[in-house]
Amino acid sequence: MTEPSAESPADKLARATPPRVARRIRGLSDRAIAWIFVAPSIFLLLAVNIFPLIWTINLSFTNFRANRNREVEYIGLRNYERILTDSDIWLTMQATAHFLFWTIFFQVLIGFTLAWLINRKFRGNDLWTTIIVLPMMLSPAVVGNFWTFLYQPQIGLFNYVVSFFTGVDPSSFSMIGQVNLAPWSIVIVDTWMWTPFIMLICLAGLRSIPDYIYEAAEVDRASKWRQFWTITIPMALPFLMLAVLFRGIENFKMFDLVVQLTGGGPGSVTELTSINLKREAFEKWRTGYASAYAVILFVTVFGLASIYVKALNKVKER
Amino acid sequence: MAEVVLTGITKRFGRDTALSDVSLTVPDGAFVVLLGPTGAGKTTTLRLIAGLETPDAGDITIGGESVLGLTPAQRDVAMVFQQYSLYPHMTVRDNLAFPLRSPILRTPEHEITGKINEVAEVLHIAHKLNNKATALSGGEMQRVSIGRALVRAPQLFLMDEPLSSLDAKLRADLRIELKRIHSALGATLLYVTHDQIEAMTMASHVGVLDHGRLAQFGPPREIYENPVSLTVAGRLGLPRINALPADLFPGAPAGAATIGLRPEHIAQGEGQTAQITRVEHLGDQTRLHLSLHGHDIITLTDPHTDLRGGQSIAIAPRKPLYFDASGVRLA
Ligand SMILES: Nc1ncnc2c1ncn2[C@@H]1O[C@H](COP(=O)(O)OP(=O)(O)O)[C@@H](O)[C@H]1O
Ligand SMILES: [Mg+2]
């Protein structure tokens with residue numbers, strides 16, 4: 001005999017059905033939900049950024065070579081010692097510093113001037129902005145190839161233009177081939193390509209200065225010159241500094257354009273650190289050594305950028 | 001000498017006419033207040049005199065000479081802008097020093113400091129001198145803006161609603177300060193405001209602007225007692241003048257469409273019977289809201305009155321102002 005069940009079939013069914021998903025999620029704390037949202041990004045960050053970084057630091061203390069299958073030994077700070085005492089690497093650093101300084105110098109000078117000119121409301125300034133911004137939109141590989149042609153001593157337009165203005169024979173010099181000119185050849189191309197970027201950011205800065213401030217200055221009897229130095233420059237400075245930070249970090253890692261143009265030559269006068277590093281890691285396969293090199297570069301960029309960001313914040317707070 | 005004369009000034013912005021054919025003489029050393037509703041052209045008038053806008057027609061002279069060809073700097077005027085226009089990246093101190101640090105002036109630094117401290121004291125902003133200009137309340141910004149005009153000693157001050165965002169007490173203090181500074185410096189002052197107390201207490205002359213036209217210009221008492229039109233009559237006086245159909249009371253002259261009665265120009269205890277709808281005790285005065293044949297009327301009465309809403313009271317006009325159908329005053 002079966003006893004009559006206390007539960008109706010409907011009750012049983014209800015018990016078997018788990019709480020609805022929405023209810024379960026609503027039961028979570030806000031904190032937990034927040035973690036669920038950020039977890040995928042944190043996981044990705046750990047996997048592709050943090051883990052390789054730690055692994056690189058680990059490798060930098062070894063004599064590991066990725067193309068050989070021999071026992072890996074920990075050799076302490078030997079890699080670091082060798083890098084920091086290597087005069088070739090110091091030359092590379094110098095080439096990089098030269099490249100960084102002059103590209104940023106010219107780009108800021110020309111970029112800011114262009115922004116200032118464009119900002120004076122004249123007809124067709126939108127068209128000019130578009131034209132000026134074009135180089136920035138090209139692929140560095142294309143730009144590299146294209147300038148290699150322009151720099152040809154025989155047929156290159158660049159040499160022709162220089163000779164037109166100075167009277168020097170166009171085939172008497174080679175921007176890419178000559179030791180004294182090659183560093184400038186990459187500075188010119190990078191400036192040509194990235195000045196528009198600085199210009200755009202400066203333009204945003206200049207446009208953020210309201211007209212009424214200039215009107216007040218006008219009534220306060222400040223000359224245009226004084227207005228420029230006491231209003232325009234200080235108020236656009238945070239934007240300008242941000243642009244320099246972006247370009248500085250980008251150019252510290254400069255690779256593609258230089259490889260296309262000079263390949264680091266002639267000799268190694270245009271061998272920037274990133275190119276040098278790639279040679280050590282993937283041509284000579286000195287993986288441990290290259291890791292130490294990478295760590296040194298990372299610390300340098302990170303240190304410089306931190307100091308710079310502090311300065312930037314100070315300027316913004318003023 | 002800084003007599004300012006505007007002759008036939010017209011200013012258009014696209015299809016809008018901000019000012020049309022305005023002629024106005026600001027006597028040397030006068031304190032002239034411009035009154036008018038929003039959009040009447042008050043700010044535009046100041047900007048034209050300062051040289052920040054160019055008129056489409058007419059001439060502006062300062063001290064007898066046309067200034068149309070001169071830059072704002074050459075006109076030597078100080079201006080307090082309606083929207084403050086402080087230099088946001090500078091401290092309050094540097095904002096105040098800015099007009100003095102002009103290379104032409106070559107003011108010695110200790111003189112600048114002295115001047116700034118003096119002005120900051122007057123405007124109660126001495127404790128904010130090292131703040132950034134953006135780290136201030138609206139009222140503080142406004143005072144810095146006034147201060148930036150006061151540190152200079154120009155021949156002409158232009159002030160666009162300079163006390164509008166201050167609290168009542170500070171406003172009263174600064175009214176007295178500005179008046180004192182004005183008489184001490186002997187400079188000419190052109191002052192825009194909405195506040196009728198400012199207009200009545202500070203002005204030597206009041207100009208009423210309406211839709212870009214100068215409706216009336218004269219001493220404040222004359223504007224109050226002898227307005228040329230209904231709009232001008234409505235500009236001054238608080239509570240506002242009562243505008244009623246002319247036939248509500250007997251004795252209207254021919255052609256009168258509207259009778260204007262100032263609240264204090266209504267006699268009580270005689271004439272027609274009105275209902276009291278509301279009694280407002282304001283402390284120093286009591287306002288009576290009346291209803292007469294369906295028209296609302298406001299009048300004043302004794303602060304200690306025991307009249308109440310619902311009662312009736314007899315009223316009669318005293319010194320009425322009559323206007324025709326287009327709002328023009330009848331003699
Ligand atoms: N820069 C401008 N561009 C277009 N219209 C303007 C400009 N400045 C003022 N106006 C117009 O002119 C009229 C008068 O403005 P304004 O002088 O600022 O009035 P108020 O200061 O009396 O409130 C308004 O109708 C306003 O819209
Ligand atoms: Mg205004």
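Protein chains get the first letters and strands the later ones, always in sequence-line order, with residue 1 at the start of each.
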#### Entry: Residue part contacting chain A, namely of B/Leu100, when any heavy atom lies under 4.5 Å
neither

### Task
Considering non-hydrogen atoms only, spot the tightest contact between B/Phe81 and A/Ala216 and give its length.
CE1-CA, 3.7 Å

### Worked check of side-chain contact (heavy atoms from CB on, under 4.5 Å) between A/Tyr212 and B/Gln82
CA-CA 11 Å; A/Tyr212 64 73; B/Gln82 191 167 7; over 6 Å; no

### Message
Just checking A/Phe255: does its CZ atom have more than 12 heavy atoms from other residues, nucleotides or ligands closer to it than 6.0 angstrom?
### Response
yes

### Message
Is B/Arg47 in contact with chain A via its backbone, its side chain, both, or neither, using a 4.5 Å heavy-atom distance?
### Response
side chain

### Distance, nearest 0.5 Å, that separates CZ of A/Arg221 from OG1 of B/Thr71
10.0 Å

#### Entry: Atom CG of A/Asn49: over 12 foreign heavy atoms under 6.0 Å
yes

### Message
Ignoring hydrogens, what is the shortest heavy-atom contact between A/Asp220 and B/Arg152? Give both atom names and the distance.
### Response
CA-NH1, 3.9 Å

### Message
Restricting to non-hydrogen atoms, name the atom on B/Val77 and the atom on A/Val219 that form the minimum distance, rounded to 0.1 Å.
### Response
O-CG1, 3.4 Å

### Task
Flag yes if more than 12 heavy atoms outside B/Phe13 fall under 6.0 Å of its CZ atom; otherwise flag no.
yes

### Message
Please give me the minimum heavy-atom distance between A/Lys316 and B/Lys132, naming the atom from each residue.
### Response
O-NZ, 3.7 Å

### Query
Of the non-hydrogen atoms in B/Pro88 and A/Met235, which two are nearest, and what is the gap between them?
CG-CE, 3.4 Å

### Task
Answer with side chain, backbone, both or neither: which region of A/Ser223 has an atom nearer than 4.5 Å to a non-hydrogen atom of chain B?
neither

### Shortest non-hydrogen contact between B/His89 and A/Thr230, atoms and distance
NE2-O, 2.7 Å

### Task
For atom CZ of A/Phe165, decide whether the heavy atoms of other residues, nucleotides or ligands shown that lie under 6.0 angstrom number more than 12.
no

### Message
Are there over 12 heavy-atom neighbours, none belonging to B/Glu121, within less than 6.0 Å of that residue's CD?
### Response
no

### Message
If you define the side chain from C-beta out and look only at heavy atoms, does anything of A/Pro234 sit under 4.5 Å from B/Met90?
### Response
no

### Task
Supply the atom-to-atom distance A/Glu218 CD to B/Arg75 CZ, rounded to the nearest 0.5 angstrom.
10.5 Å

### Task
Considering only heavy atoms and a distance below 4.5 Å, find which of B/Gln74, B/Arg148, B/Met79 pairs most often with chain A.
B/Arg148

